[in-house]
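The next block holds one structure in the form of structure tokens; read it before the comments.
Both counts, for ligands and for their atoms, begin at 1 and track the order of listing.
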Amino acid sequence: MKILVTGGAGYIGSHTFVELVREGHEPVIFDNFSNASREILPRLEQLTGKTPVMIEGDIRDTVLLSRTLSQQGAEAVIHFAGAKAVGESMKDPLKYYSNNVTGTQSLLEAMQENGVRKIVFSSSATVYGDPEQLPIPETHPLSTANTYGETKLVIENMLRAVSSSGPGWSVILLRYFNPVGAHETGLIGESPDGIPNNLMPYICQVAVGRRDKLQVYGNDYDTPDGTGVRDYIHVKDLAAGHVAAINRIEAPQCTAINLGTGRGTSVLEMVAAFSEAAGKPIPYEIMGRREGDVASCYADPGLAREYLGWEARFGIGEMCRDAWNWQSRNPMGYE
Ligand code: WQD
């Protein structure tokens, strides 16, 4: 299937691109490289044996999007493009509404103009807010505690409205938990700009000597060791989840599905697992809680198993092994 992959040069997009090609699909990357490196392109060619078809552009450029969908003969879209830093979203909400909400509206208008009505959307477990029940099922109430999560929820509502507005729309909302790790070759991986917001890239940069120590945000949560518990999922499992969703995108629907392992891991457990994988200690300092963090968040992955025939294959050890393999081979990421 010819698939337009918005944000396809990014961390999750690039890993999904590789899996789509492996499955015989023909993905086309549409990216403005605001949070991705052009260095990814030769590495994708090395991994897939094909020169990636890539159009550089902003998803808010509806005319370019429409022309691209038409010229490429896209039958479906996987929509990754968007801003995704929780902290930044609180300081610059308009950037998040413009990139994420207005950008998605532009994409849907371009799709409608071209009769393309199949979309897999990169949503997030952030739409569950502070969990009222664990593990979290897709029927859990939706609420958000930050602007990034708000934009994800607004987009989900936009997609639900569009899918029920007329015939032929097929929408799958994939709610990611915490993506980590890298392709086993170490050729592609996570390469955040500036100081990493997320736990795993920060640990990687400590391990490779770019940061002195990890700040652990709080050890007084109601969790086994007092530190935050999350459902970390290997980015290759996440990519496989998108392929599974594309294989189910024929039927008219609007379906929300969790992509998680169903297992929770604490910050200190992740530090210990990473130290084991990298064969070196990870110095850390216990700090106060980070605003907006919840104590625990992990998925009920039952619907993904039943509906997509998908479940996570990799554990924390493989996530740490592959993250370290990427970082140690690319100490400065793609720079
Ligand atoms: C994980 C745990 C922190 C950094 C967010 C978004 C989510 C998705 C993933 C985009 C928490 C602790 C972290 C550090 C720490 N983003 N931590 N020191 O906040 O669960 O999820 O990123 O798709 O939508 O909400 O991920 O990796 O920031 O934090 O102690 O330097 O690690 O307190 O317990 P989070 P995270």
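Nearest non-hydrogen protein atom to atom 17 (N) of ligand 1 is Tyr217 CD1, 3.7 Å. Nearest to atom 12 (C) of ligand 1 among the protein's heavy atoms is Val267 CG2, 3.7 Å. The protein atom (non-hydrogen) at minimum distance from atom 27 (O) of ligand 1 is Leu199 N, 2.8 Å. The closest protein non-hydrogen atom to atom 11 (C) of ligand 1 is Arg230 NH2, 3.7 Å. Looking from atom 8 (C) of ligand 1 to the surrounding protein, the closest heavy atom is Phe177 O, 4.4 Å. For atom 34 (O) of ligand 1, the closest non-hydrogen atom of the protein is Gly228 CA, 3.5 Å. Among protein heavy atoms, atom 33 (O) of ligand 1 sits closest to Asp293 OD2, 2.6 Å.
With a heavy-atom cut-off of 4.0 Å, Tyr148 touches ligand 1 through its side chain alone. Only the side chain of Tyr232 comes within 4.0 Å of ligand 1, judged by heavy-atom distances. Contacts of Gln215 with ligand 1, taken as heavy-atom pairs under 4.0 Å, involve the backbone alone. Of all the heavy atoms of Asn178, the ones lying under 4.0 Å from any atom of ligand 1 belong exclusively to the side chain. Contacts between Leu214 and ligand 1, counted as non-hydrogen atom pairs separated by less than 4.0 Å, involve the side chain only. The side chain of Val86, and not its backbone, has at least one atom closer than 4.0 Å to an atom of ligand 1 (non-hydrogen atoms only; side chain from C-beta on). Contacts of Asn198 with ligand 1, taken as heavy-atom pairs under 4.0 Å, involve both backbone and side chain.
Between His140 and Tyr128, the ring planes lie perpendicular to each other; the angle is over 60°, past the 30° to 60° tilted range. Under the 30°/60° scheme for interplanar angles, the aromatic rings of Phe274 and Trp324 are found to stand perpendicular. Relative ring orientation between Tyr96 and Tyr148 is described as perpendicular, the plane-to-plane angle rising above 60° on a 0-90° scale split at 30° and 60°.
Checked by atom type and distance alone, the side chain of Asn114 never pairs as donor or acceptor with a backbone atom of Val116 at under 3.5 Å. Judged by distance alone, the side chain of Asn330 and the main-chain N or O of Met332 form no donor-acceptor pair under 3.5 Å.
The side chain to side chain donor-acceptor pair (under 3.5 Å) pairs that include a residue from residues 271-286 are Lys213-Glu285, where partners are two or more places apart or lie in different chains.
A cation-pi contact, defined as under 6.0 Å to the ring centre and within 45° of the axis, links Arg248 to Tyr307. In this structure, Arg38 forms a cation-pi arrangement with Phe33, its terminal cationic atom sitting closer than 6.0 Å to the ring centre and no more than 45° off the ring axis.
Listed by atom number, the atoms of ligand 1 under 4.0 Å from Thr126 heavy atoms are 7 (C), 24 (O), 25 (O). Short contacts between ligand 1 and Val216, defined as distances under 4.0 Å to a heavy atom of the residue, involve ligand atoms 30 (O). Each of the atoms 3 (C), 19 (O), 28 (O), 29 (O), 36 (P) of ligand 1 lies under 4.0 Å from some heavy atom of Arg290. Contact atoms of ligand 1 toward Asn197: 4 (C), 28 (O) (distance under 4.0 Å to a heavy atom of the residue).
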task: Dump the intermediate steps for salt bridge (Lys or Arg N to Asp or Glu O under 4.0 Å) on Arg289 and Asp220, then the final yes or no.
output: CA-CA 8 Å; Arg289 295 181 176 189; Asp220 59 351; 2.8 Å; yes

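Residues that satisfy the side chain to side chain contact (heavy atoms under 4.5 Å, CB included) test with Glu39, not counting sequence neighbours, are Ser37, Pro42, Arg43, Tyr334.
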